[in-house]
Amino acid sequence: MAQMTMIQAITDALRTELKNDENVLVYGEDVGQNGGVFRATEGLQKEFGEERVFDTPLAESGIGGLSIGLALQGYRPVPEIQFFGFVYEAMDAINGQMARMRYRSGGTYSQPVTIRSPFGGGVHTPELHADSLEGLIAQQPGMKVVIPSTPYDAKGLLISSIRDNDPVLFLEHMKLYRSFRGEVPEKEYTIELGKADVKREGSDVTLVAYGAMVHASLKAAEELEKDGIQAEVIDLRTVMPFDIDTILESVKKTNRVVVVQEAQRQAGLAAQIVTEIQERAILHLEAPVLRVAAPDTVYPFSQAEEVWLPNYKDIIEKVDKVINF
Amino acid sequence: MKRTIENVESQFEMFQIINEDGEIVNQEAMPNLSDEELKELMHRMVYTRILDQRSIALNRQGRLGFYAPTAGQEASQLGSQFALEKDDFILPGYRDVPQLIWHGLPLYQAFLFSRGHFHGNQMPEGVNALSPQIIIGAQITQAAGVALGMKKRGKKAVAITYTGDGGTSQGDFYEGMNFAGAYQAPAIFVVQNNRFAISVPVEKQTAAQTLAQKAVAAGIEGIQVDGMDVLAVYAATKDARERGINGEGPTLIETLTYRYGPHTMAGDDPTRYRTDDLDNEWEKKDPLVRFRKFLEGKGLWSEDEENKVIDQAKEEIKAAIKKADEQPKQKVTDLISYMYEELPSNLKEQMEEYKEKESK
């Protein structure tokens, strides 16, 4: 099996689907000739030609609208929003238009679009590059939101997203792009959307996380083990719809939960997850479900991001609270 | 320093074929239409004027919902649609229901759209169109995508989208034209300049003297057309379509027109922002009056003929309303079932909940 970084796994998934389905189109700002600012589309234009892999003018709303129109002509568009902080420019195209198409046409039209976009903190970007804005899209009925944390998951989830007949936002955490390698099969495979993965088993506390926070949670779990606490780490992988069954199964075993997100606390996905847990499993809980999240400020300038971003110590702090409640 | 704006604006003269008196003023631009086709154009305009009158009345009786009156804009709407083929794809704004009807949307479905029933948005097989867009300009970037898709597929077809004067102020208007231009995609952007975006006059919308000149910035063809002259609108659209399918890129068409009625039937009062003088000035340009004169001059139209269309329209409207009344009531469970191809876990639960509620 090949060892790949997440970015290589993503390129591999794109290549796989460009080969499998001639309706797949890959495009965005700098995506063609340049292979994308992170090289996610490296070599693809050369391999598949300018008809399939191409540059767009620099306008995110235009890219969103273009995708809707291409999907109406039977294509399976995979546009890139260069950095997810730029998504505000495309909010109507995504939430106002793409997400509603199946419903507003009474099932006549669908939007098999996969929007790829880098996001996430810790890599010292300028403003509006690193923000965790997944909640904006997760709040929109009609959309699905996928956030992988490993190269293996990235490939399988991206292939599934592209094959899905509804619009999917596929968010790629910049910190995870090249920070480690993992085993990725060269053959094609899919990972079902909406299914979480237990990344580490444990019996004392459940950590629910996604994206880079999966790795912070795993690090916290390692530290906690030194104190004899066995933490189970659930990687949601798809944050909308999220896999409540896997969470509940774990809660029934550990009776204690901490939900971790990189996004600000206010109106975040973690709040939704906490609510679902308490509505469905309150009698299994030995302590309130706590959250680890960033403070309710705008995403900071890069000099302040190390403190601002939630880390494994913040997670351990909350775990101590639910254990000692 | 060389100044350019005056030079650009002077290039955009209004294109007209028949004047207010029904006389041909531009013989060489006369489209090659048979007598039957000319009569069909008149038929459609008369029919649509009646449909508008009946829709307003039905709305006042509480028998229709959202409705944006169309009287005054028939030449812009129907002249452009008449230049299309079945394979062409329409992305309409909220006032552009007549184009959908003549592209194949059954009348009862147009009424269901007005009533807020999803079946009104279900285009029948072979009707290439979206239902009317509510967000001003959102359809314009989508039209670029449809057009690019057609080009990639090698189709001999165009995407045509409609907006108003206000729509040209949106960023999406420029983005749509610019994308279509960059890809030389077969898109037609029709701007029905009826002079008011609800209440804001076009003079306050932009410093541009014409809206057609906005094409220049995107590097595409632009033309200003007398939007009360059905033949001019038809000829301009036909030309844009031909250039589109020949790989010569997109076109912006500005039609100078006027809506006689309010913005919508939801409480807009045009006397707050328009004068009687202006209304009268534009009613003199009426597209039906001038085309009727033109056809009568050729011996192709009579009062009798017009009355036949009016009777037919009234009868068909009555039947369509009846059919719309018979449509099953819309349910929340229908809504849930159309959100995704396969229901995610949250909606599966909610489906059960609403099945239960709706069975009571």
Side-chain angles (χ1 to χ4, degrees), chain A residues 23 25 27 51-52 54-75 77 79 89-90 92-93 96-110 112-113 141-144 164-167 193-195 238 240-245 272 276, chain B residues 89 91 117-125 127-128 130-131 133-135 137-153 155 159 161 170-172 174-183 185 187 330 334-349:
Chain A
N23 289 316
L25 301 175
Y27 54 89
E51 279 292 307
R52 309 277 311 281
F54 53 93
D55 290 321
T56 62
L58 202 167
E60 287 77 19
S61 182
I63 291 171
L66 191 80
S67 305
I68 293 166
L70 286 167
L72 289 171
Q73 286 297 304
Y75 285 101
E89 292 284 343
D92 177 58
Q97 306 290 326
M98 200 182 284
R100 306 165 74 96
M101 185 68 82
R102 184 183 288 280
Y103 168 65
R104 78 183 294 262
S105 68
T108 309
Y109 298 120
S110 60
V113 181
M143 295 298 299
K144 295 178 183 175
D164 198 279
N165 287 331
D166 287 302
L193 303 188
K195 290 284 176 231
T238 302
M240 191 55 68
F242 61 83
D243 183 356
I244 186 66
D245 292 341
Q272 178 74 13
E276 294 289 339
Chain B
F89 198 103
L91 298 97
H117 190 296
F118 72 83
H119 184 45
N121 290 26
Q122 286 176 315
M123 292 298 146
E125 187 74 35
V127 178
N128 294 304
L130 287 180
S131 46
Q133 179 58 244
I134 296 301
I135 298 300
Q139 70 276 29
I140 302 171
T141 55
Q142 297 168 20
V146 172
L148 178 60
M150 288 168 160
K151 186 179 177 183
K152 284 186 181 297
R153 296 249 183 250
K155 288 185 184 172
T161 186
Q170 289 278 20
D172 274 354
Y174 176 72
E175 290 187 31
M177 285 196 302
N178 189 58
F179 271 64
Y183 296 123
Q330 180 166 258
D334 295 330
L335 202 176
I336 292 172
S337 72
Y338 286 132
M339 286 311 303
Y340 296 90
E341 183 178 49
E342 248 178 83
L343 289 188
S345 50
N346 52 332
L347 280 178
K348 268 185 198 153
E349 282 183 15

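Numbered from 1 within each chain, the chains take letters A, B, ... in sequence-line order. Because only heavy atoms are used, hydrogens play no part in the values below, and waters and symmetry mates are left out as well, while side chains stay in. This structure is a prediction, so every number in the text was calculated from the model and none was measured.
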Do Arg153(B) and Tyr75(A) form a cation-pi contact, if we require the NZ or CZ to be under 6.0 Å from the six-membered ring centre and within 45 degrees of the ring's axis?
yes
Distance, nearest 0.5 Å, that separates OG1 of Thr141(B) from CD1 of Ile68(A):
6.0 Å
Option in Ala71(A), Gly62(A), Ala59(A) with maximal non-hydrogen atom pairs under 4.5 Å from chain B:
Gly62(A)
Region of Gln139(B) that comes under 4.5 Å of a non-hydrogen atom in chain A:
neither
So, Lys152(B) and Gln73(A): side-chain donor and acceptor under 3.5 Å apart, yes or no?
no
When heavy-atom pairs shorter than 4.5 Å are enumerated against chain A, which of Gln133(B), Glu175(B), Glu342(B), Met150(B) gives the highest number?
Glu175(B)
Cut-off 4.5 Å, heavy atoms of chain A, and the answer for Gln142(B) is both
The test is side-chain contact (heavy atoms from CB on, under 4.5 Å); show your working for Gln97(A) and Met101(A) and say whether it passes.
CA-CA 6 Å; Gln97(A) 306 290 326; Met101(A) 185 68 82; over 6 Å; no
Heavy-atom contact with chain B under 4.5 Å, split by part of Phe242(A)
backbone
The interface call for Glu349(B) against chain A, heavy-atom contacts under 4.5 Å, is side chain
Quiz: residues 176-183 of chain B side-chain donor-acceptor pairs under 3.5 angstrom, not counting sequence neighbours:
from, atom 1, to, atom 2, distance (Å)
Tyr183(B), OH, Asp55(A), O, 2.8

Heavy-atom pairs under 4.5 Å with chain B - which of Lys144(A), Glu89(A), Met143(A), Arg100(A) has more of them than the others?
Met143(A)
Which one, Gly194(A), Ser105(A), Pro241(A), leads in non-hydrogen pairs under 4.5 Å with chain B?
Ser105(A)
Nearest heavy atoms of Ser110(A) and Arg102(A), plus distance in Å:
CB-NH2, 3.3 Å
What is the minimum heavy-atom distance between Pro112(A) and Pro77(A), and which atoms define it?
O-CD, 3.6 Å
Looking at Ala147(B), Ala144(B), Ser131(B), which makes the most heavy-atom pairs under 4.5 Å with chain A?
Ser131(B)
For Gln122(B), check side chain to side chain contact (heavy atoms under 4.5 Å, CB included) against everything at least two apart and list the hits.
Thr108(A), Gln109(B), Phe118(B), His119(B), Tyr338(B)
Thr56(A), part contacting chain B, at a heavy-atom distance under 4.5 Å
both
Relative to chain B, which segment of Ile244(A) carries a heavy atom at a distance below 4.5 Å: side chain, backbone, both, or neither?
neither
Pick one of side chain, backbone, both or neither for Asp92(A), based on which atoms fall under 4.5 Å of a heavy atom in chain B.
side chain
